[in-house]
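Report on the structure given below.
Everything numeric here is computed off the predicted structure, so don't read it as measured data. The chains referred to below are lettered A, B, ... by the order of the sequence lines, with proteins before strands, and numbering in each begins at 1.
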Amino acid sequence: MVYKDPVRQALARRTARRNALVGMGSLIGFTLVVVVLVSQTPGWPVVQETFFNREEFVSSLPGLLKAFLLNVKIFLIAEPLILVFSLLIALTRTLRSPIFLPLRVVATIYVDVFRGVPTILVIFLLGFGVPALRLQGVPTDPVFWGTAALVLSYTAYVAEVFRAGIGSVHPSQRMAARSLGLSIWQTNRYVVLPQAVRNVVPPLLNDFISLQKDTALVAVLGPIEVLRQAQIDASSSFNYTPYVAAALIFIALTIPMTRFADWIQGRMSKRQRAGSVA
Amino acid sequence: MTSGTHALLEVSGIWKSFDDHPVLRGLDLHVDQHQAVVLIGASGSGKSTLLRCINGLESVDAGRILLDGNVEVTQPSIDLDKVRRRVGIVFQSYNLFPHMTVLENVMLAPRKVRGTSGGAARDEARALLARFGLEAKADEYPDRLSGGQAQRAAIVRALAMQPELMLFDEITSALDPLLVGEVLDAVRELKLEGLTIVMATHEMGFARDVADRVCFLHEGVVLEQGPPEAIFSSPEKQQTRDFLARVLG
Ligand SMILES: Nc1ncnc2c1ncn2[C@@H]1O[C@H](COP(=O)(O)OP(=O)(O)OP(=O)(O)O)[C@@H](O)[C@H]1O
Ligand SMILES: [Mg+2]
């Protein structure tokens with residue numbers, strides 16, 4: 001049993017309640033000030049008409065949601081491929097035997113190159129470049145090449161995240177596993193990777209969120225995903241409300257992911273504080 | 001070989017350098033079956049390096065390590081995983097796997113390396129843990145254990161592979177003085193069962209008690225060795241006397 005002083009507890013409860021009230025009040029007050037200030041600006045009626053037009057919003061939303069399905073599809077195909085490839089590349093870069101030197105060099109060059117080139121450039125180069133070669137049997141579908149470009153670009157980033165995770169596992173863990181007779185592969189599979197992945201869940205989720213947004217970059221190749229659809233709607237009605245609607249759709253998906261990432265991070269740091277590492 | 005003089009471990013003339021700094025300089029060591037050999041020596045004299053070479057965690061620059069008269073650990077083409085199944089090692093820092101429970105730590109190698117079925121591995125692991133007073137801790141994660149419990153769990157994990165030779169590298173150095181006893185008792189019990197043991201330690205009292213032979217390492221060789229009474233009461237070499245005077249105060 002833990003003894004808790006009732007007076008102190010009551011005090012703590014009162015303080016917590018007061019903090020919550022003050023926080024709520026200041027949030028509402030701040031929002032009101034911003035709304036009033038913005039609605040007082042001379043250009044506000046025009047901005048409201050072109051960006052926050054109720055009819056435009058309602059009429060464009062169904063089409064945008066339908067187009068957004070393509071973004072979701074690109075994400076769902078790209079993400080697992082990125083995870084698998086990046087893990088393989090990160091593992092390749094940890095191999096120390098000289099036999100693997102060529103593999104290691106290739107992996108290093110790949111990561112250096114694709115981390116250095118803006119994602120949108122990779123999309124341009126693959127999406128317009130490869131189909132222009134007119135190779136037999138090579139797909140010309142812009143969605144295919146857009147997704148491939150995202151995979152190439154993100155794999156380089158995520159591989160670095162995994163590599164950092166692998167590096168964060170103390171070498172004595174590897175030594176202990178090897179001393180029990182586990183092979184290099186078993187040591188990675190059962191001892192190093194589970195700890196490495198655990199250590200990098202927060203940055204990994206960050207990259208997921210970033211990828212969700214970057215599916216919109218495929219728009220430059222022409223397929224009708226949500227951004228492209230918003231462009232079409234906006235140019236036919238000379239109203240920018242569809243862009244705002246598209247932004248809201250992204251936010252509706254990324255905010256839960258972001259909260260989830262924060263929650264995981266909080267839980268893991270609490271667990272780390274709870275006990276020292278044995 | 002006959003059982004009386006059965007050399008389980010024969011280290012002959014091994015050399016090992018780190019970045020041109022020689023740590024082992026032609027070291028010899030001979031350990032018979034069922035013997036407990038204790039390595040003493042100043043910090044940096046090469047005790048850990050020697051133990052790591054014996055189970056192939058470090059490669060040697062020259063010399064030979066022979067296990068059981070027929071397995072040559074130092075041969076470049078040897079399958080070290082096979083050696084490590086027969087030679088267990090426990091480190092100063094426990095090195096339990098933090099993402100597994102104590103039971104899972106103990107079961108991992110028997111299942112994945114020896115191919116023991118899950119149920120059998122679990123039963124064996126629980127029995128071993130019980131023998132070392134850890135049955136109540138089987139389903140805990142390592143960060144919930146005291147240092148003494150963690151180190152005993154690490155010993156059990158190594159024992160689960162049924163090694164013929166156990167290497168202990170200063171396994172009590174990281175422990176609260178109050179917890180040293182329970183870990184040393186575990187080692188004493190293994191010695192009574194006849195396990196062959198090579199142990200680096202600063203616990204001179206324990207060495208005197210349990211060791212069949214004490215080896216004093218100095219500048220990368222075994223400078224002097226013999227039964228504990230001889231080494232501790234009448235060391236022949238000046239360096240041994242200096243070392244003992246320093247550690248025994
Ligand atoms: N992996 C390594 N790389 C470079 N130098 C090393 C390495 N391992 C050990 N050494 C060096 O080898 C020497 C012997 O180290 P070792 O750990 O074997 O000594 P020890 O007798 O176990 O000492 P202690 O009592 O402090 O544990 C030390 O000078 C150490 O710095
Ligand atoms: Mg040491």
Side-chain angles (χ1 to χ4, degrees), chain A residues 2 87 90-91 94-101 161-162 164-204 264-278, chain B residues 48 51-52 54-58 79-102 104-115 137 140-151 153-154 157-163 166-167 169 174:
Chain A
V2 183
L87 198 53
L91 280 175
T94 65
L95 296 174
R96 280 289 145 260
S97 161
I99 311 171
F100 298 118
L101 182 69
V161 170
F162 276 131
I166 292 170
S168 74
V169 178
H170 198 270
S172 62
Q173 288 283 308
R174 200 179 278 278
M175 187 172 69
R178 301 285 283 138
S179 77
L180 287 167
L182 271 71
S183 65
I184 292 181
W185 163 245
Q186 289 172 324
T187 298
N188 278 323
R189 164 75 181 72
Y190 299 111
V191 175
V192 177
L193 287 182
Q195 297 184 58
V197 169
R198 214 166 282 213
N199 291 348
V200 295
V201 166
L204 223 49
I264 293 257
Q265 196 154 18
R267 217 185 51 155
M268 293 207 319
S269 60
K270 211 184 294 168
R271 185 174 143 68
Q272 250 152 34
R273 273 199 306 275
S276 59
V277 178
Chain B
S48 300
L51 293 175
R52 284 211 287 266
I54 292 174
N55 78 341
L57 287 171
E58 297 280 3
D79 179 0
L80 282 171
D81 296 337
K82 291 224 172 76
V83 172
R84 294 183 186 129
R85 285 172 216 186
R86 307 172 60 173
V87 183
I89 185 164
V90 181
F91 306 97
Q92 176 178 337
S93 50
Y94 335 135
N95 302 347
L96 292 171
F97 306 132
H99 60 298
M100 299 180 185
T101 63
V102 170
E104 288 163 349
N105 263 276
V106 177
M107 286 169 56
L108 179 69
R111 290 201 57 189
K112 303 300 172 193
V113 179
R114 257 199 290 126
K137 300 290 169 190
E140 296 274 15
Y141 283 89
D143 60 7
R144 295 303 194 108
L145 303 185
S146 74
Q149 291 164 342
Q151 193 58 292
R157 181 175 69 177
L159 283 178
M161 285 299 283
Q162 301 170 347
M166 266 298 244
L167 311 174
D169 191 3

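- The shortest non-hydrogen separation linking A:A176 to B:F91 is CA-CE1, 4.0 Å.
- Heavy atoms only, all atoms of each residue included: A:Q195 and B:P98 are closest at OE1-CG, 3.3 Å.
- Counting heavy-atom pairs closer than 4.5 Å to chain A, the top-ranked of the candidates B:N55, B:D79, B:L108, B:L145 is B:L108.
- A distance of 8.0 Å separates CE in B:M161 from CG in A:L182, rounded to the nearest 0.5 Å.
- To the nearest 0.5 Å, atom CZ of residue B:R157 and atom OG of residue A:S179 are 7.0 Å apart.
- Sparse packing is recorded around CD1 of A:I184, with 12 or fewer heavy atoms of other residues, nucleotides or ligands lying under 6.0 Å away.
- Of the atoms belonging to B:V87, it is backbone heavy atoms, and not side-chain ones, that fall under 4.5 Å from chain A.
- A:R178 meets the salt bridge (charged side-chain N to carboxylate O under 4.0 Å, His left out) test with B:D81; sequence neighbours excluded.
- Taking the salt bridge (charged side-chain N to carboxylate O under 4.0 Å, His left out) definition, one finds that B:R111 meets it with nothing, sequence neighbours left out.
- Counting heavy atoms from C-beta outward, A:P194 and B:M100 have side chains that stay 4.5 Å or more apart.
- By the 4.5 Å heavy-atom criterion applied to side chains, B:R52 and A:M175 are counted as neighbours.
- Nearest approach of A:V191 to B:H99, heavy atoms of both residues: O-CE1, 3.6 Å.
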